[in-house]
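Basis for what follows: all heavy atoms, side chains included, without hydrogens, waters or symmetry-related copies. Numbers for residues simply follow the sequence, beginning at 1.
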Amino acid sequence: MYNLVMKDLKLGVSPIFLIMPLLTGALMLIPGWIYFLVPLYFCWITVPNVFAGFKAQNDLIFTTMMPVTKQDMVKARVAVIVILEILHIAIAMIFGAITLRLYPDLIYYFFAPYMGFWGLCLAMLAIFNLIFIPMYYKTAYKYGKAAFASIAAAMLFAGIAQWQGIGNSYVADIFIGAGADNTALQLSILIAGIVIFVAFTAIAYRIGVKRFLKVEAQ
């Protein structure tokens, strides 16, 4: 499976999408911005373009000619998605930490980049994976509907979460109020986000394998 992952990263993922996390992550330096937009750029730009590249290269036919199982093919592709997602989140977290240092007295109207916020971002990407991967592996070729549905779901989650952060004083207190200084609370939200991300992605992988086993490459 390692070779499949490296094949996808070297042949299927353009270097620009490995640099993209730095470019989008730097947007975290904008004071008081809607930081949910930063991981959403992964959904809007990286996924559609990467999977368009796979389709243009006829990657499905090429990979099925290799001595690998369909399960390993799905596992490798999911691993590539997760690697890119973690890269986006990790770099954005670094820039977010810099932002908190640069603007210690900034009044936030949207979510601030504390640990709890990143838990929400991971939950958002978990929802994206849960929808995109199973839908994509109905054909392992057509990605348009899967991308549209998963992006819409991720944006809906982000919109509802941010709206709650604005309109609900309890939620606002957790993410930009007194709760932001509660390390235990922030860490627990982050851990919850990690658990959701791992669980949803694992479920998406299993569903993807079951669907891909029914697909015949042409």
Determine whether Met115 and Thr183 make a side-chain contact, defined as any pair of heavy atoms from C-beta on separated by less than 4.5 Å.
-> yes

Applied to residues 2-21, the side chain to side chain donor-acceptor pair (under 3.5 Å) test, sequence neighbours excluded, yields Lys7-Asp59, Lys7-Thr63, Asp8-Arg77

Say you draw a straight line from CG of Leu100 to OH of Tyr114; how long is it, rounded to the nearest 0.5 Å?
-> 5.0 Å

Minimum heavy-atom distance Ile151-Pro48, with the two atoms named | CD1-CG, 4.4 Å

To the nearest 0.5 Å, how far apart are CD1 in Ile174 and CD1 in Ile189?
-> 5.5 Å

Can any side-chain N or O of Gln57 pair as donor or acceptor with the backbone N or O of Leu11 at less than 3.5 Å?
-> yes

Is there a donor-acceptor pair under 3.5 Å between the side chain of Asn49 and the backbone N or O of Ile45?
-> yes

Exercise: identify the closest heavy-atom pair between Met28 and Ala92 | CG-O, 3.6 Å

With a 6.0 Å cut-off on ring centres, are Phe36 and Phe110 close enough?
-> no

Could you give all pairs that pass the side chain to side chain donor-acceptor pair (under 3.5 Å) test and reach residues 184-211, with sequence neighbours left out?
-> Gln71-Tyr205, Asn129-Thr201

Hey, does the side chain of Thr24 reach the backbone of Tyr41 with a donor-acceptor pair shorter than 3.5 angstrom?
-> no

Cut-off 3.5 Å, no hydrogens considered: what does the side-chain donor-acceptor table look like for residues 130-148, sequence neighbours left out?
unit_1: Tyr136; atom_1: OH; unit_2: Ala140; atom_2: O; d: 3.1
unit_1: Thr139; atom_1: OG1; unit_2: Tyr141; atom_2: N; d: 3.1
unit_1: Thr139; atom_1: OG1; unit_2: Lys142; atom_2: N; d: 2.9

Taken to the nearest 0.5 Å, the spacing of Leu84 CG from Leu18 CG works out to 6.5 Å

Donor-acceptor contact below 3.5 Å, side chain Tyr108 vs main chain Phe175 = no

